[in-house]
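As the structure is a prediction and not an experimental result, all values here were calculated from the model.
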Amino acid sequence: SSQEIDFSVIGPRVESNFAVGGGDDVLAISVNEVTESMSRLSISTQTELSSKDIKNMEEEVVEVKGELYNLQKELLLAKVGTVEWLSSDDKVRFYTGLPNFKVLDSLFKFIQLEVSGTKTLLSKFQKLILTLMRLRLNLTIRDLAYRFGISTSTTSSVFNEMLDILYVYLKPMVKWPSREQLIKTTPMCFCKHFGTKICTIIDCFEVFINKPKNVLARAQTFSTYKHHNTIKFLIGITPQGVVCFISKAWGGRTSDKFLT
């Protein structure tokens with residue numbers, strides 16, 4: 001008679017062989033073979049499930065990376081003074097006074113080696129934008145500090161640093177043109193009324209300053225015309241509209257007649 005197999009006793013350490021069937025048709029089964037087959041089946045099933053899990057995880061990672069990229073892009077667009085923030089030439093003109101981003105980028109590349117980039121959270125490019133925004137829009141130090149997320153003392157230091165750098169690099173661009181250049185490039189409207197006699201259009205302008213603590217300086221800078229403490233400059237402009245002369249700063253009390 002055939003012997004029944006109790007599979008509950010099958011394990012990796014069982015070495016017995018069992019005969020299944022009767023008569024001449026007797027099949028010898030190795031318990032180890034059965035155990036190995038069951039183990040392979042289990043491993044195959046686990047591998048298949050793990051592959052599905054990995055695939056799902058990879059899809060989730062791709063989705064999360066996409067969301068992260070979009071958030072970073074939105075953050076850059078919202079961060080004042082970055083290249084991404086200046087997304088159009090109209091925005092460049094409004095905040096900096098320069099005609100387009102190409103000119104702004106050229107100016108930055110011209111001075112960037114002299115700009116320090118380790119003392120503040122701002123990049124070198126943001127320092128330039130901060131300075132141009134103050135010059136263009138006359139924004140206060142506190143306003144700029146709020147916009148750029150830095151302290152007022154840092155804002156003031158950045159502005160003073162960039163002002164010195166711009167002065168050194170851009171000063172050679174303010175030059176007095178030769179008489180021959182003026183005659184060749186003077187607009188027709190000027191030639192019609194003044195011929196070749198006109199050379200430069202001059203004017204004095206004043207810039208408001210904080211009231212000095214020193215009594216003498218306070219008196220020298222007080223402007224009776226502006227009713228405020230100011231510093232005064234004499235500026236010269238060619239008929240083409242190019243600045244060709246800027247004097248040193250004088251106290252607001254100085255008369256225009258004295259400067260000219």
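The pair Arg93-Asp89 fails the salt-bridge criterion, with no side-chain N (NZ, NE, NH1 or NH2) lying under 4.0 Å from an Asp/Glu carboxylate O.
Taken from CG in Asn160 to CD1 in Ile141, the straight-line distance is 7.5 Å, to the nearest 0.5 Å.
When atom types are taken as modelled, the side chain of Arg253 and the backbone of Phe222 share no donor-acceptor pair closer than 3.5 angstrom. Judged by distance alone, with hydrogens and angles left aside, the side-chain atoms of Thr186 form a donor-acceptor pair with the main-chain N or O of Leu182 at under 3.5 Å. Under a 3.5 Å cut-off, the side chain of Lys226 and the backbone N or O of Phe208 do not form any donor-acceptor pair. With hydrogens and angles ignored, the 3.5 Å screen pairs no side-chain donor or acceptor of Glu114 with any backbone N or O of Ile111. Panel note: side chain Asn229, backbone Ile209; no donor-acceptor pair is recorded below 3.5 Å.
By the salt bridge (charged side-chain N to carboxylate O under 4.0 Å, His left out) test, Asp256 pairs with Lys232, sequence neighbours left out. With sequence neighbours excluded, the residues that form a ring pair (Phe, Tyr, Trp, His ring centres under 6.0 Å) with Phe205 are Phe233.
You'll find the side chain of Ile150 reaches within 4.5 Å of the side chain of Leu130, heavy atoms only.
In Asn210, the CG atom is not crowded: 12 or fewer heavy atoms of neighbouring residues, nucleotides or ligands sit closer than 6.0 Å.
In this structure, Ile201 belongs to a hydrophobic cluster whose other members, linked by side-chain heavy atoms under 4.5 Å apart, are Phe190, Phe194, Ile198.
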